[in-house]
Amino acid sequence: MADSREVMNIRQASQYLGVSPDTLYKYVGEQKIPAFKLGNRWRFKKSRLDQWMEEQSSEMEPQPKRKAKASSKAAGSQ
């Protein structure tokens, strides 16, 4: 179930993003994902996560199908 809170803790944010809390801690440590500390706990703004996900998805350009090239490469290597 998605949480509709604007500010989420690590567990709620990991559920929202569909990753484990450990993965989210890793992303925070690598400064890959927008987060801030409130006291000694990491917090995540839903609007910033949504923006981050949008940016991440726009960085992924559609890959051209390479089946023909891959199969010809495989055929050449045998």
Side-chain angles (χ1 to χ4, degrees):
M1 178 185 302
D3 199 330
S4 60
R5 294 183 190 179
E6 176 58 23
V7 178
M8 296 183 268
N9 62 26
I10 194 92
R11 182 184 53 80
Q12 294 164 329
S14 67
Q15 288 176 346
Y16 181 69
L17 295 172
V19 299
S20 71
D22 288 341
T23 300
L24 197 50
Y25 275 122
K26 178 182 168 200
Y27 290 168
V28 169
E30 295 172 352
Q31 298 181 342
K32 286 185 174 179
I33 195 162
F36 63 98
K37 274 197 163 182
L38 189 61
N40 62 351
R41 309 249 173 161
W42 286 107
R43 297 290 187 239
F44 304 85
K45 287 185 76 174
K46 182 181 178 296
S47 59
R48 296 288 313 273
L49 292 180
D50 289 340
Q51 181 182 4
W52 177 78
M53 284 192 293
E54 191 64 37
E55 291 168 3
Q56 296 299 307
S57 65
S58 66
E59 287 179 8
M60 300 291 293
E61 295 184 18
Q63 297 291 322
K65 292 188 177 189
R66 296 185 178 188
K67 281 187 175 182
K69 189 174 182 180
S71 63
S72 66
K73 215 177 206 183
S77 65
Q78 292 179 357

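Being a predicted model, the structure only gives us computed values, none of them experimental.
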Counting only heavy atoms not in Arg48, do more than 12 sit closer than 6.0 Å to its CZ atom? no
Check the pair Asp22 / Tyr27 against side chain to side chain donor-acceptor pair (under 3.5 Å), numbers first and verdict last. CA-CA 9 Å; Asp22 288 341; Tyr27 290 168; over 6 Å; no
Do the side chains of Arg43 and Lys37 get nearer than 4.5 Å, heavy atoms only? no
Check whether more than 12 heavy atoms from other residues, nucleotides or ligands sit under 6.0 Å from atom CD of Glu55, and answer yes or no. yes
CD/Gln31: more than 12 non-hydrogen atoms of other groups inside 6.0 Å: no
Roughly how far, to the nearest 0.5 Å, is NZ of Lys46 from CE of Met8? 6.5 Å
I want to check something: taking the side chain as every heavy atom from C-beta on, are Met53 and Tyr16 in contact at a cut-off of under 4.5 Å? yes
For Phe44 versus Phe36, what's the shortest heavy-atom pair and its separation? N-CE2, 4.3 Å
Smallest heavy-atom separation, Pro34 atom then Leu49 atom, equals O-CD2, 4.1 Å
Residue pair Ile33, Leu17: steps toward the side chain to side chain contact (heavy atoms under 4.5 Å, CB included) verdict: CA-CA 11 Å; Ile33 195 162; Leu17 295 172; 3.5 Å; yes
Leu24 versus Ser14, closest heavy-atom pair with distance: CD2-N, 3.5 Å
Taking Lys32's backbone N and O only, do any of them form a donor-acceptor pair with Trp52's side chain (distance below 3.5 Å, no angle check)? yes
Side chain to side chain contact (heavy atoms under 4.5 Å, CB included) between Tyr25 and Ile10, intermediate numbers included: CA-CA 8 Å; Tyr25 275 122; Ile10 194 92; 3.6 Å; yes
Heavy-atom nearest pair, Val7 first then Gln12, reads O-OE1, 4.3 Å
